[in-house]
Structures are given as structure tokens and as C-alpha cells.
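Reading through the C-alpha cells given below for one structure.
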Amino acid sequence: MVLMACGLISVLTTLGIVLALISETLSFFREVSPLEYFTGREWAPTFGRNASFGVLPLISGTLKVTAIAVMFSVPLGLATAIYLSEYAPGRVRGFLKPFLEVLAGIPTVVLGFFALNFVTKNLLEPAIPQVERFNVLSAGLVVGLMIIPTIASLSEDALRAVPGSLREGAYALGATRRIAALKVIVPAALSGIAASVILGMSRAVGETMIVAIAGGNQPSMSFNPLKGSQTMTAYIVQVSLGDTATGEIAYQTIFAVGTTLFVLTLILNLISIRIVRRFRETYE
């Protein structure tokens with residue numbers, strides 16, 4: 001009964017979140033055409049009579065940060081998982097695994113200031129003079145740093161769950177440890193690795209403080225990572241901390257953008273479930 005109650009609480013909480021978003025989102029779409037919202041290329045909801053409600057610049061900023069984060073974190077996270085699972089001695093693994101968990105627990109506001117004051121100022125600006133103070137590249141790299149523990153830890157668990165008989169069979173056929181890891185172990189754990197990557201992507205899409213501090217607050221459709229761009233979460237933070245009155249159209253945009261973000265994350269989770277089912281390996 002206790003476990004059932006916990007499960008029901010989770011379901012009811014999710015339903016409550018959805019209802020809270022939908023009520024204000026429907027009010028927003030009574031004032032703004034969904035066609036304008038989903039196809040417009042300008043986002044300026046607080047400009048009074050000249051307001052524009054095209055959400056594409058915010059979606060573009062979110063996807064740019066997420067793409068950079070995934071390209072940075074997946075190779076490092078997967079390499080870390082392979083090392084911990086196949087190469088690391090027990091003492092080294094016992095040290096590195098908790099260290100990864102500690103890295104995952106660093107507050108994102110701290111990582112945001114790290115991106116702004118160290119990555120941009122000390123790494124990017126000396127190497128790339130064209131980079132702006134607030135830029136997508138810095139935010140994406142540090143968001144990638146944030147999700148490395150998630151990808152590495154879950155991937156390592158998936159690799160260690162592969163039966164030892166597969167390793168022994170690969171070694172018996174003359175495979176080296178590297179060949180066994182890349183050609184046998186990783187493909188056998190592909191469903192778990194893919195799920196960890198998509199979970200990391202979901203975290204990157206929903207990240208707030210890093211992109212709000214280091215990524216900039218100017219909606220942009222530009223694909224130049226050296227320039228700033230606003231994400232959906234950064235916009236929600238910006239308007240939530242302002243003087244927007246409850247019930248105004250600018251206030252309702254918070255819920256419309258939040259619903260869009262919720263749907264995007266839900267799609268990623270559904271993709272994750274489908275990939276896990278598609279590539280799941282069963283062993284007897």
C-alpha cells in the first residue's frame with residue numbers, strides 16, 4: 001500500500017503540473033495564434049503593441065546549447081564509462097565513481113558563473129577574439145560538463161550489466177580488451193547507453209541557471225555559437241523575476257513556453273523508451 005501510494009503521488013503530481021500549465025497556456029492561445037507562435041521568427045512579448053510571439057528563436061537557442069552539450073559530453077562520458085567498467089582497478093573505480101556523483105551534485109548556479117568567469121573569460125576570449133561575453137558555446141560546454149556524470153554513471157551501469165560470458169568468449173576468440181569493449185560489450189549495452197544519452201539531453205534541454213547566466217538573454221535565430229542566444233528556460237527565469245503582472249499576455253507566455261518545454265522533454269523521454277525497447281538484449 002505504501003509503495004502504491006508513492007506511485008499515485010508521482011502520477012498526481014505530474015497531472016497537477018500539466019493542469020497548471022494547460023490552463024494558462026489555453027488563455028495565451030486565445031490571444032495569440034498557434035500558427036504565429038510555432039512559426040514566428042521573432043520573440044518580443046513585452047513590446048506592447050509591437051509584440052511578437054514567435055517561439056522559434058527560443059527553441060533554436062535551446063537546441064543549440066543542447067547540441068553543443070551532447071557533442072562535448074557523449075564522447076567523454078562514454079569513454080569514462082568504458083574505462084570504469086573494463087579497465088579501472090577496483091580501487092580506482094571506487095574513487096572515481098563517487099567523484100562523478102559529487103560532480104553531478106554541484107549547484108548549476110555555480111557552474112553558470114564558472115562558464116561566464118572562467119570558460120568564457122580565460123579560455124574562449126584569449127583563443128577566439130570574436131566571441132561575445134555571453135555566448136552559446138560557453139554555456140553549451142558547461143552544460144555538457146554538467147551531464148557527463150549522468151551519461152558516464154548510467155552507461156557504466158549498463159556496461160557492467162553485460163554478462164561476463166560475453167567478455168570471456170571475446171577473449172577466447174583472441175580479441176584484445178579494446179576490441180572486446182568496443183565490438184562486444186558496448187553493442188550489448190547499447191540500449192542502456194542510448195537511454196543515458198537521451199536522459200542527459202533531457203537535462204540539457206531543461207537546464208536553467210547555466211544558460212541564464214552565461215548564454216545571454218537575447219532571442220536569436222543565429223547559428224553562430226560565439227554569439228549569445230536565449231533559451232526557453234532562460235526566458236522563463238527572466239520574466240519570472242520581472243514586474244510582469246499576473247494575467248497579462250507577457251505573464252501567460254511563461255506557461256506557453258513552459259508547456260512547449262514540457263512537450264519537448266516528454267518527446268525525448270518517449271524516444272528513450274522506444275530505443276530501450278528496440279535495442280534491449282536479453283540473456284539467459
Side-chain angles (χ1 to χ4, degrees), residues 1-26 62 66 69-70 73-74 77-78 80-81 84-85 88 90 93-111 143 145-164 185 188-210 232-233 236-237 240 254-284:
M1 291 296 294
V2 175
L3 296 177
M4 181 181 294
C6 292
L8 288 175
I9 290 174
S10 301
V11 173
L12 293 175
T13 301
T14 303
L15 290 176
I17 293 172
V18 172
L19 291 176
L21 289 173
I22 287 178
S23 59
E24 293 289 346
T25 301
L26 291 177
T62 300
T66 302
V70 169
S73 63
V74 169
L78 184 55
T80 301
L84 290 176
S85 174
R93 182 178 179 276
F95 168 78
L96 288 181
K97 192 70 181 285
F99 184 81
L100 281 174
E101 304 299 334
V102 171
L103 182 61
I106 297 176
T108 56
V109 65
V110 175
L111 293 176
V143 170
L145 180 66
M146 178 195 71
I147 65 177
I148 283 176
T150 300
I151 296 175
S153 181
L154 295 179
S155 296
E156 194 262 346
D157 291 339
L159 292 170
R160 289 181 65 85
V162 175
I185 309 303
L190 185 59
S191 63
I193 293 172
S196 72
V197 172
I198 294 180
L199 180 59
M201 288 178 61
S202 298
R203 286 202 63 190
V205 168
E207 171 51 33
T208 302
M209 295 310 300
I210 296 175
M232 290 186 282
T233 52
I236 293 172
V237 170
S240 299
I254 300 175
F255 295 88
V257 173
T259 301
T260 306
L261 182 62
F262 178 84
V263 171
L264 182 59
T265 306
L266 178 62
I267 291 173
L268 288 175
N269 290 334
L270 292 176
I271 293 174
S272 175
I273 293 172
R274 185 173 181 84
I275 289 176
V276 170
R277 291 177 178 174
R278 171 66 178 81
F279 295 103
R280 176 180 294 168
E281 298 283 352
T282 58
Y283 304 96
E284 297 181 358

Item to check | Nearest non-hydrogen partners of Ser73 and Ile151, listed with the distance | outcome: OG-CD1, 3.5 Å
Item to check | Closest heavy-atom pair and its distance - Phe262, Leu21 | outcome: CB-CD1, 4.2 Å
Next on the checklist: Once rounded to the nearest 0.5 Å, what's the spacing between atom CZ of Phe255 and atom OG1 of Thr260?
Outcome noted: 13.0 Å
Item to check | Cationic N near anionic O, under 4.0 Å, Glu207 to Arg203 | outcome: no
Checklist entry - Side chains of Leu111 and Ile106: does their closest heavy-atom pair fall under 4.5 Å? => result yes
Next on the checklist: Rounded at 0.5 Å granularity, tell me how far CD1 in Ile254 sits from OG1 in Thr25.
Outcome noted: 11.0 Å
Item to check | Candidates Leu264, Thr265, Ile147, Thr150 - the one meeting side-chain contact (heavy atoms from CB on, under 4.5 Å) with Ser202 | outcome: Thr265
Checklist entry - Are the side chain of Thr66 and the backbone of Met201 linked by a donor-acceptor contact shorter than 3.5 Å? => result no
Checklist entry - Donor-acceptor pair, Ser85 side chain versus Ala81 backbone, under 3.5 Å? => result no
Checklist outcome for this item: Scanning both residues in full, the closest heavy-atom pair of Ala189 with Ala158 reads CB-O, 3.6 Å
Next on the checklist: For the CE atom of Met209 and the CE atom of Met146, what is their distance to the nearest 0.5 Å?
Outcome noted: 12.5 Å
Next on the checklist: Main chain of Met232, side chain of Thr62: is a donor-acceptor contact present, judged purely on distance under 3.5 Å?
Outcome noted: yes
Next on the checklist: Using the rule given for salt bridge (Lys or Arg N to Asp or Glu O under 4.0 Å), can you reason through Lys97 versus Glu101, listing the C-alpha separation, both sets of side-chain angles and the distance that settles it, and then say yes or no?
Outcome noted: CA-CA 7 Å; Lys97 192 70 181 285; Glu101 304 299 334; 5.1 Å; no
Checklist entry - Between atom CD1 of Ile22 and atom CG of Leu15, what is the distance when rounded to the nearest 0.5 Å? => result 9.5 Å
Checklist entry - With a 4.5 Å heavy-atom cut-off, do Ile193 and Leu159 have their side chains touching? => result yes
Item to check | Shortest non-hydrogen contact between Thr233 and Gly206, atoms and distance | outcome: CG2-O, 3.6 Å
Item to check | Over all atoms of both residues, closest heavy-atom pair of Leu261 and Val205 | outcome: CD1-CG1, 3.4 Å
Checklist outcome for this item: Rounded to the nearest 0.5 Å, the CG atom of Asp157 sits from the OG atom of Ser196 at a distance of 9.5 Å
